[in-house]
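A short worksheet on the structure shown next.
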Amino acid sequence: MGVFYLVMTMYKTDEQKKKFYNSKAWKLLREQALERDNYECVMCKEEGKFTIDSVKREGKRKKIVLNVDHVLPIEHYPELALDLDNLQT
């Protein structure tokens, strides 16, 4: 029960999710998903629309336009939290 219980409760609280989304592993995987999806919104593309991420400008904070979402939520599928195939832009 020990390991299974820890995995299943890993992303239940806002604090646990915040820690995950601030982790280096998530940031690297998020970038891989953006690259894979050509920095385009997958759902928008399916609807015939075109949405891309903003460009970083020197001396200004980059406005994030695109999000990378888990297809299956980490609250219910923590084992897929760092699975590139479970992400979409």
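Hydrogens, waters and symmetry mates are skipped; everything else that's a heavy atom, side chains included, is used.
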Compare every heavy atom of [Y] with every heavy atom of [X], then report the nearest pair and how far apart it is.
X: Y11; Y: Q16; value: C-OE1, 3.8 Å
X: L87; Y: V68; value: CB-CG1, 3.9 Å
X: T89; Y: A33; value: OG1-O, 3.4 Å
X: Q88; Y: M43; value: NE2-SD, 3.6 Å
X: E75; Y: K12; value: O-NZ, 2.9 Å
X: L84; Y: R36; value: O-NH1, 2.9 Å

Parallel, tilted or perpendicular: ring planes of W26 versus Y21, cut at 30 and 60 degrees: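 Because their plane-to-plane angle is over 60°, the rings of W26 and Y21 count as perpendicular.
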With K18 via salt bridge (charged side-chain N to carboxylate O under 4.0 Å, His left out) - residues at least two apart: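 Salt bridge (charged side-chain N to carboxylate O under 4.0 Å, His left out) check on K18 returns nothing, list empty.
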Give, for atom [atom1] of [X] and atom [atom2] of [Y], the distance between the pair rounded to the nearest 0.5 Å.
X: L66; Y: C44; atom1: CG; atom2: SG; answer: 8.0 Å
X: D14; Y: K19; atom1: CG; atom2: NZ; answer: 15.0 Å
X: L82; Y: L28; atom1: CG; atom2: CG; answer: 10.0 Å
X: I74; Y: D69; atom1: CD1; atom2: CG; answer: 11.0 Å

Full working for side-chain contact (heavy atoms from CB on, under 4.5 Å) between K17 and T13: CA-CA 6 Å; K17 289 179 212 172; T13 68; over 6 Å; no
Criterion side-chain contact (heavy atoms from CB on, under 4.5 Å) against V42, the qualifying member of K45, E46, E40: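 Answer to the side-chain contact (heavy atoms from CB on, under 4.5 Å) test with V42 among K45, E46, E40: E46.
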Whether over 12 other heavy atoms sit under 6.0 Å from E15 CD: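 Result for CD/E15: open.
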N86 (side chain) donor-acceptor with H70 (main chain) under 3.5 angstrom: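 A pair under 3.5 Å: no.
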